[in-house]
Every structure is written in C-alpha cells, then in structure tokens.
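Worth knowing before you read on, the calculation uses all heavy atoms, side chains too, and leaves out hydrogens, waters and symmetry mates. Just so you know, ligand 1 is whichever comes first in the structure, and atom 1 is the first atom listed for that ligand.
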Amino acid sequence: MREAVEFGDVVLFSVPWVRIDEVLSEIGDGLDGKVVIDTTNQFGPDGLVDLPEGKTGAQVNKERLTGAKYVKAFNTLTAGFQGSAAGRSGGERAAMFFAGDDDEAKETVKKLIREIGFAQVEVGGTADAAVMEAPRREGAVYGEEFSKDEALEFLEGRKGE
Ligand SMILES: NC(=O)c1ccc[n+]([C@@H]2O[C@H](COP(=O)([O-])OP(=O)(O)OC[C@H]3O[C@@H](n4cnc5c(N)ncnc54)[C@H](OP(=O)(O)O)[C@@H]3O)[C@@H](O)[C@H]2O)c1
C-alpha cells in the first residue's frame with residue numbers, strides 16, 4: 001500500500017469503513033500532500049456505523065487521512081453501475097457528486113470525473129457531504145442516479161430546507 005500511494009499523484013482510497021484505521025496505520029504519512037479521493041461509506045458487518053454527533057463521514061475521514069488533500073467522490077453509486085455508466089457523453093452523463101474543502105484538489109477531481117465520463121456535481125465542503133452519504137433515503141442523493149441538470153435542481157431545492 002505504501003508503494004501504491006507513493007506512486008500515484010492522486011490516490012483513490014477505497015477500502016471497507018471498518019478497515020480504514022488499519023490501512024492508514026500501514027500507510028503512515030504516505031498521503032501527505034496527495035490528492036485523495038475517498039469512496040468509502042460507513043458500513044460495518046452489522047450495517048450502518050454511527051458517526052460522531054454532528055459530523056459527516058467525510059469530516060471523520062478528512063480528519064484521519066492526515067495531510068491528504070481530501071475529496072469525497074464515487075461513493076453514491078454501485079461499482080457495477082459506475083462501470084457501466086462511465087464514458088457517456090453530453091446530457092446522457094450520470095451525475096457524480098463530490099465534496100471537499102481543498103479547492104485545488106476539487107479541481108483535479110472534477111477533471112477526472114469528466115475524463116471518466118460522468119458529470120461533476122459539487123455538493124460543497126466536507127461539512128455538507130451528508131446528502132451524498134449512506135443510507136439511501138428521501139432528501140439525499142446517495143444511491144440515486146441523476147443527470148447533471150436533475151442533480152443541480154435537486155440540490156437547489158434543498159436550500160432553505
Ligand atoms: N462496491 C460498491 O459498489 C461501492 C460503491 C460505492 C462506494 N463503495 C465504498 O467503497 C469502499 C470499498 O468498497 P468495495 O466494495 O470495493 O470493498 P471491498 O471489495 O470489500 O474492499 C476493497 C479493497 O479493500 C482492500 N482491503 C480490505 N481490508 C484491507 C486491509 N486491512 N488492508 C489493506 N487493504 C484492505 C481489499 O484488498 P484485498 O482484495 O487485497 O483484500 C480490497 O481490494 C467501501 O467503503 C464501500 O462502502 C463501494
């Protein structure tokens with residue numbers, strides 16, 4: 001894992017939630033200064049894992065991925081769906097939601113999302129990420145397919161709620 005994070009300019013961090021601390025202790029300070037895309041969702045062996053009161057999963061992970069330029073993305077849709085929906089063009093592209101607090105890292109991730117063939121849709125900072133986090137529920141985008149226009153309209157509609 002250390003070799004993998006040393007090799008990549010951008011690291012896709014995609015391991016089971018309950019393994020994150022173990023993986024981070026093996027990586028050490030390897031994520032320092034790297035753009036890290038976090039795909040994780042807070043599931044454990046018995047279902048959803050409780051997050052600390054008032055915090056999003058993205059905030060929890062940003063804190064423990066010390067030194068990383070953190071962006072959460074690629075977590076709202078199944079891997080199978082992402083594989084089949086990548087590479088679409090124009091209005092056919094599926095929305096890919098992302099959130100983070102580092103503008104430079106978000107620019108990099110936006111470009112990657114587009115290159116892969118999705119439409120990038122920013123949710124905001126890590127404090128705003130709950131809408132893209134599990135579980136699937138009314139009022140959230142987790143687990144749902146949207147076009148870019150539908151996604152923007154949905155997020156706009158939540159403002160003021
Ligand atoms: N699968 C999906 O459809 C999907 C969609 C969106 C988001 N997510 C989220 O993305 C994350 C990864 O999901 P996944 O389905 O890909 O999970 P997964 O198949 O269970 O695990 C992904 C990788 O984590 C590695 N791993 C597990 N324990 C490890 C450890 N202790 N040290 C080092 N590597 C370890 C595994 O490596 P080895 O194979 O070498 O063990 C595996 O390649 C999860 O947090 C999940 O909630 C998943």
**Q** For atom CD of Glu153, is the number of surrounding heavy atoms from other residues, nucleotides or ligands below 6.0 Å larger than 12?
**A**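 Incorrect, the count does not exceed 12.
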**Q** Please indicate whether Asp21 has more than 12 foreign heavy atoms, meaning atoms of other residues, nucleotides or ligands, lying under 6.0 Å from its CG.
**A**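 Result for CG/Asp21: enclosed.
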**Q** Does the side chain of Asp149 come under 3.5 Å of the side chain of Ser147 through a donor N or O and an acceptor N or O?
**A**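 There is no such pair between these side chains.
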**Q** Just by modelled atom types, is the Tyr70 backbone N or O under 3.5 Å from a matching donor or acceptor in the Asp102 side chain?
**A**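 Judged by distance alone, no pair lies under 3.5 Å.
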**Q** Ion pair present between Arg2 and Asp29, side-chain N to carboxylate O less than 4.0 angstrom?
**A**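 Answer for the salt bridge query: yes.
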**Q** Collect the protein residues that have a non-hydrogen atom under 4.0 Å from ligand 1 and hand them over in chain and number order.
**A**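 Within 4.0 Å of ligand 1, protein side: Met1, Ser14, Val15, Pro16, Trp17, Arg19, Glu22, Val23, Thr39, Thr40, Asn41, Phe74, Asn75, Leu77, Thr78, Ala79.
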**Q** Taking only residues at least two apart or on different chains, which pairs with a member in residues 126-143 satisfy salt bridge (charged side-chain N to carboxylate O under 4.0 Å, His left out)?
**A**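 Qualifying pairs: Lys72-Glu133, Arg136-Glu144.
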